[in-house]
2 protein chains.
Amino acid sequence: MRALCVEDDPRIAADLAGALGRAGFAAEICGDGEEAWFLGDTEEYGLIVLDLGLPRMDGLSVLKRWRAAGRQVPVLVLTARGSWQERVEGIDAGADDYLPKPFRMEELVARARALVRRSAGQGAPRQEIGALSLDTTRMTVAIGGQPVAVTALEYRLLAYLALHRARPVPPTELLDHLYGDEDAREANALEAVVARLRRKLGRGVIATRRGFGYQIEGAA
Amino acid sequence: MRALCVEDDPRIAADLAGALGRAGFAAEICGDGEEAWFLGDTEEYGLIVLDLGLPRMDGLSVLKRWRAAGRQVPVLVLTARGSWQERVEGIDAGADDYLPKPFRMEELVARARALVRRSAGQGAPRQEIGALSLDTTRMTVAIGGQPVAVTALEYRLLAYLALHRARPVPPTELLDHLYGDEDAREANALEAVVARLRRKLGRGVIATRRGFGYQIEGAA
DNA sequence: CCCCGGCTGACAGTTCGCTGACAAGCCGCG
DNA sequence: CGCGGCTTGTCAGCGAACTGTCAGCCGGGG
């Protein structure tokens, strides 16, 4: 899991990155408020450790901007200023936790773990099978990173194949899943859907295994 | 929202309950570890403030039992013991936040609010999604900085879409949220509301994903 | 060589969602 | 109590996107 350490003192930043690294994070360092804002807005982190005193943009402003933009990444705020007013301000800005300097690395790591554990319940489930990637939250499909527009029916078919990627899925089962067993469709309807998908995704994504069914290619 | 204050000193407990009450919680008091464990296990609270030094059962044990039983209620731990080892232990036991005594009631309330806000899945009081900005405390909407007057119903729809911006929201879910499942409305009512909103906000704010639902545009 | 399972492109029926108009409810105000 | 404005559900018509069907094609296996 990626972690971002925003801290202008290079020595502390290195310590932070080291401790987080030993705790299993892939830690990156950033010493500048504006760059931090940009990184947090564009990259995907599982955790951000944010110092408040920063050059070019104050840490609180950075945090507020992230939250205003809807970024939900867990943020742990560090500060040298220990007054309770400052703490209240930090928390109201959207910090998930707050740690006054000086602190022990052990405590920081424990809090970081707690934050990550807490936010683990709401991850973005994304499946990648070969070049195909399928975001089950947004209900979007991409092939080799390029987004592809698919219809609801096509999406349901793909999602079902992805879920059962380990085996070929027989046409009867797909028909049942897509239409419900009461509403009987001609078998050809399925082939038509597959054909349309293949046209959108390119060959080499949905494989036909004659007599067995369909299976997503590159599925182990 | 109900809050439980677990604290054996009656004076502090009363202070806690008072402060939380003024912050909008329905605060209850409990001074005994075992009773606290029972209450937290059987009742529904939106927040629990837990002191560690308790008669009959230690606060940490209470917390661990709740977590072992799968209770997800936000817990804010208080303690007189301020060493970092104790704090690490509390956090690893499953505390969502930690406050060393002595503390200011203002800070406790701020942290309590943050915990509740976080567990409700809602971020900052102001959200910006593309050109759309939505102030959830003042219940106002602006597009490109220009305030837009919306009705209560329209606002609730927008707020719901904003909260679930990461995914397309199916019409059935929106109908449930806006009207409650008992009061069945024609599906077209929803489309009418969306149409009115689009007329006010302009195109390119609420996107329709045919077969999936509605989604706020520019939701990354 | 023929057959059969599966594929494809075209086409048309159907569904889905949008819009403008209208009327019923709701609320404040005189 | 009546009135007017605002909100909001319903209706009907429309356009576009979706999707099932069909006829013909392909390719491998017997």
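Because the structure is predicted, anything quoted here is derived from the model rather than measured.
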Represent DNA chain C in dot-bracket notation, 5' to 3'. Only Watson-Crick or G-U wobble pairs with both distances under 3.5 Å count; pseudoknot-style crossings use [ ] and interstrand partners use |.
||||||||||||||||||||||||||||||

Among residues two or more places apart or on two chains, list those pairs meeting side chain to side chain donor-acceptor pair (under 3.5 Å) that have a residue in residues 167-176 of chain A.
A/Y160-A/E173, A/R167-A/E173

So which atom in [X] and which in [Y] form the shortest heavy-atom distance, rounded to 0.1 Å?
{"X": "A/L175", "Y": "A/A187", "value": "CD1-CA, 4.3 Å"}
{"X": "A/L63", "Y": "A/G94", "value": "CD2-C, 4.0 Å"}
{"X": "B/Y214", "Y": "B/L174", "value": "CD1-CD1, 3.9 Å"}
{"X": "A/F38", "Y": "A/T42", "value": "O-OG1, 2.7 Å"}
{"X": "B/E128", "Y": "B/S133", "value": "OE1-CB, 3.4 Å"}
{"X": "A/P74", "Y": "A/L115", "value": "CB-CB, 4.2 Å"}

Output the residues of residues 200-207 of chain A in contact with DNA chain C, where contact means a heavy atom of the residue under 4.0 Å from an atom of the strand; sort by number or write none.
A/R203

Sorted by number, residues from residues 146-156 of chain A placing a heavy atom under 4.0 Å from DNA chain D are A/T151, A/L153

Under 3.5 Å: donor-acceptor pair, side chain of B/Q146, backbone of B/I143:
no

Under 3.5 Å donor-acceptor, A/K200 side chain and A/A149 backbone:
yes

CG of A/L178 versus C1' of D/dG20: gap in Å, rounded?
13 Å

Anything under 3.5 Å between a protein N or O and an N or O of nucleotides 21-24 of chain D, put it in a table, one pair a line.
| from | atom 1 | to | atom 2 | distance (Å) |
| --- | --- | --- | --- | --- |
| D/dT21 | OP2 | A/E186 | N | 3.2 |
| D/dA23 | N6 | A/N188 | ND2 | 3.4 |

Base, sugar-phosphate or nothing for B/F212? Non-hydrogen atoms, less than 4.0 Å.
nothing

At a 4.0 Å cut-off to heavy atoms of chain A, the contacted part of DNA chain C spans C/dG5 to C/dG9

Quick one: which residue pairs count as a salt bridge (charged side-chain N to carboxylate O under 4.0 Å, His left out) with a foot in residues 3-20 of chain B, not counting sequence neighbours?
B/E7-B/K101

As a quick check of understanding, evaluate side-chain contact (heavy atoms from CB on, under 4.5 Å) for A/D97 and A/V77, giving each step before the final call.
CA-CA 6 Å; A/D97 204 351; A/V77 164; over 6 Å; no

Quick one: list whatever passes side-chain hydrogen bond (donor to acceptor under 3.5 Å, both in side chains) with A/D96, sequence neighbours left out.
A/R67, B/R118

The criterion is side-chain hydrogen bond (donor to acceptor under 3.5 Å, both in side chains); which residues satisfy it with A/R2, sequence neighbours excluded?
A/E28, A/E43

Hey, are the side chains of A/L153 and A/Y179 touching, using non-hydrogen atoms and a 4.5 Å cut-off?
yes

Is the closest side-chain donor-acceptor distance between A/T140 and B/R209 under 3.5 Å?
no

What residues form a ring pair (Phe, Tyr, Trp, His ring centres under 6.0 Å) with B/Y155, not counting sequence neighbours?
none

Treating primed atoms plus P, OP1 and OP2 as sugar-phosphate and everything else as base, which nucleotides of nucleotides 25-30 of chain D get B, S or - for protein heavy atoms under 4.0 Å?
--B---

Who pairs with B/V49 by side-chain contact (heavy atoms from CB on, under 4.5 Å), at least two apart in sequence or on another chain?
B/L16, B/L20, B/L47, B/L76, B/L78, B/L108

